[in-house]
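Notes follow once the structure below has been shown.
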2 protein chains.
Amino acid sequence: MAGRRSDTRERIQQVALDLFVEQGYEKTSLREIAERLEVTKAALYYHFRTKEDIVRSLFEDIAGAVDEVLAWAEEQGDQLNREDLVRRLSQLVQGRFVPIWRFVQENQNALKELHVSNPLMSRMQAMMKLLCPAGADADTQLRTRLALVALIMGHNPEVLPDTSEKQRPEVALRVALELVSPRGREVEPST
Amino acid sequence: MAGRRSDTRERIQQVALDLFVEQGYEKTSLREIAERLEVTKAALYYHFRTKEDIVRSLFEDIAGAVDEVLAWAEEQGDQLNREDLVRRLSQLVQGRFVPIWRFVQENQNALKELHVSNPLMSRMQAMMKLLCPAGADADTQLRTRLALVALIMGHNPEVLPDTSEKQRPEVALRVALELVSPRGREVEPST
DNA sequence: GTCTATATAATGATAGAC
DNA sequence: GTCTATCATTATATAGAC
């Protein structure tokens with residue numbers, strides 16, 4: 001990557017994320033992070049100005065990946081296929097980003113203040129807009145939201161205990177796809 | 001109700017829950033709760049031994065209501081209609097319990113340690129078992145889980161901003177029902 | 001049942017040496 | 001780039017008066 005210098009910054013991000021997911025954002029102190037890394041708190045403060053800054057850096061990392069999907073989607077314009085978008089999102093919540101999504105989902109309230117003008121959440125809102133047909137009814141809005149939840153929750157071994165790690169993303173994607181375009185209900189009078 | 005003495009205990013529960021939902025469990029200090037009630041911290045400690053105890057009391061309250069549904073469901077035995085169960089659950093997440101469910105959903109990680117042997121969560125697990133056909137495939141497991149999420153998330157004005165408070169529970173119920181028994185997929189070969 | 005006063009420990013953060 | 005030492009603040013919790 002850019003220049004060679006100790007990888008402390010990345011290690012901090014990694015350990016912090018691990019602990020945030022394990023025990024929650026607020027319960028995780030900088031002391032704990034420092035201890036697990038066998039450095040001192042002051043070392044952390046060299047790389048990050050505040051605790052929130054660590055989270056922000058985590059979000060910026062992933063936000064770039066979301067941007068790519070977002071750019072692709074906007075490029076499609078009117079011809080955007082929502083199922084394809086979901087498929088791309090499914091890729092996005094896999095791999096190295098899994099813990100981050102879980103962190104976001106399980107610490108909503110702790111991150112609430114951070115959410116204001118946070119690079120990840122504003123992008124996810126844009127994503128919702130794209131997934132949700134303009135002027136969609138409430139049922140569709142809720143289903144769309146649940147599709148995103150499905151993608152994230154599907155990765156959680158506690159949610160699908162009998163399913164292998166390999167299969168979980170497939171399950172999640174299937175259910176998410178159903179939610180964005182359910183069978184037997186394309187055009188419907190409702191109520 | 002039982003005996004007449006100052007309603008401080010209930011007021012603590014109410015204010016605490018409000019603050020927990022507003023700003024999160026960890027971010028809410030006992031000082032804050034006390035200040036909003038215009039009492040001292042020591043007063044809180046008279047009614048509750050610890051901060052966690054306040055949460056526990058909140059959970060015990062709601063757990064009783066869940067028990068009634070659970071008892072009804074077990075009474076049905078084999079003839080349990082899952083859609084009816086969802087309908088009863090829908091009732092359960094309405095009314096005075098709305099903020100508690102939201103609190104649980106948005107503070108999962110903060111409550112993680114409390115979750116061990118916590119009266120509410122163990123009951124919700126039992127509920128999942130009832131809702132999920134024995135030996136159900138992973139897709140069904142995930143859908144069932146999402147149905148519960150739908151019931152809770154549907155109440156959140158931030159999730160359904162254009163929908164009236166009166167209509168939100170109806171939307172949530174509809175989507176939840178779809179998830180536990182989706183159309184056009186009753187018996188299916190799969191993979 | 002509510003108070004004042006306090007104990008104790010941990011937190012996020014900073015200053016400045018090396 | 002990492003350290004020691006320390007800061008101010010806040011937290012949960014307790015003892016004991018009223």
Side-chain angles (χ1 to χ4, degrees), chain A residues 1-59 103 107 109-116 118, chain B residues 1-59 103 107 109-116 118:
Chain A
M1 315 300 172
R4 80 124 225 70
R5 77 158 175 295
S6 81
D7 57 346
T8 311
R9 196 188 147 93
E10 275 88 0
R11 288 175 61 231
I12 293 173
Q13 291 180 311
Q14 235 237 50
V15 165
L17 181 55
D18 283 353
L19 286 171
F20 289 163
V21 171
E22 242 177 73
Q23 27 179 285
Y25 173 70
E26 313 263 15
K27 269 212 179 102
T28 303
S29 66
L30 297 178
R31 181 185 49 78
E32 251 178 313
I33 299 173
E35 267 173 14
R36 189 176 280 202
L37 279 167
E38 295 185 297
V39 298
T40 60
K41 269 196 294 176
L44 302 187
Y45 278 101
Y46 173 79
H47 293 281
F48 299 97
R49 281 177 45 200
T50 68
K51 187 183 176 186
E52 286 196 4
D53 240 46
I54 301 180
V55 177
R56 237 187 299 271
S57 77
L58 258 19
F59 283 174
F103 169 53
N107 290 273
N109 224 330
L111 299 174
K112 200 169 262 181
E113 291 179 15
L114 221 80
H115 280 176
V116 191
N118 135 359
Chain B
M1 315 305 169
R4 81 125 225 70
R5 76 159 175 294
S6 82
D7 58 344
T8 312
R9 198 187 144 91
E10 274 87 0
R11 288 175 61 231
I12 293 173
Q13 291 180 312
Q14 233 237 50
V15 166
L17 181 56
D18 283 354
L19 286 170
F20 289 163
V21 171
E22 241 177 73
Q23 28 178 286
Y25 173 70
E26 313 263 15
K27 269 212 179 101
T28 304
S29 66
L30 296 179
R31 181 186 50 77
E32 252 178 312
I33 299 173
E35 268 173 13
R36 190 177 281 202
L37 279 167
E38 294 185 296
V39 297
T40 62
K41 270 194 292 176
L44 302 188
Y45 278 100
Y46 173 79
H47 294 280
F48 298 96
R49 281 175 47 199
T50 68
K51 188 183 175 186
E52 285 196 5
D53 242 45
I54 301 180
V55 177
R56 238 187 299 272
S57 77
L58 257 19
F59 283 174
F103 169 53
N107 289 273
N109 224 329
L111 299 174
K112 200 169 265 181
E113 291 179 17
L114 221 79
H115 280 177
V116 192
N118 136 1

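A, B, ... follow the sequence lines: proteins, then strands. Residue 1 opens every chain.
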Euclidean distance, atom [atom1] of residue [X] to atom [atom2] of [N] [Å, nearest integer]:
X        : N       : atom1 : atom2 : value
Leu44(A) : dT4(D)  : CG    : C1'   : 15 Å
Lys27(A) : dT10(D) : NZ    : P     : 22 Å
Phe48(B) : dT14(D) : CZ    : C1'   : 18 Å
Ile12(A) : dG12(C) : CD1   : P     : 14 Å
Ile54(A) : dT11(C) : CD1   : P     : 14 Å
Lys51(A) : dT14(C) : NZ    : C1'   : 18 Å
Arg11(A) : dG1(D)  : CZ    : P     : 14 Å
Asp7(A)  : dG1(D)  : CG    : C1'   : 13 Å

Checking contacts here: which listed nucleotide ([options]) is nearest the side-chain heavy atoms of [X]?
X        : options                  : result
His47(B) : dT2(C), dT2(D), dA13(D)  : dT2(C)
Tyr45(A) : dA13(D), dG12(C), dT2(C) : dG12(C)
Ala43(A) : dT12(D), dA13(C), dC3(D) : dC3(D)
Ser29(B) : dG12(C), dG1(D), dT12(D) : dT12(D)
Ala42(A) : dC3(D), dC3(C), dG12(C)  : dC3(D)

[N] phosphate, OP1 or OP2, under 4.0 Å from [X] side-chain N/O:
X        : N       : answer
Thr40(B) : dT2(C)  : no
Tyr46(A) : dT2(D)  : no
Thr8(A)  : dT2(D)  : yes
Arg31(A) : dA10(C) : no

Donor-acceptor under 3.5 Å (Asn118(A) side chain, Arg56(A) main chain): no
Heavy-atom donor-acceptor pair, Lys27(B) side chain to Glu26(A) backbone, under 3.5 Å: no
Of Glu38(B) and Lys41(B), the one whose closest DNA chain C nucleotide lies more 5': Glu38(B)
Heavy atoms from other residues, nucleotides or ligands near CD of Gln14(B) exceed 12 (cutoff 6.0 Å): no
Parallel, tilted or perpendicular: ring planes of Phe103(B) versus Tyr25(B), cut at 30 and 60 degrees: tilted
Arg9(B) to His47(B) - nearest heavy-atom pair and separation: NH1-O, 3.5 Å
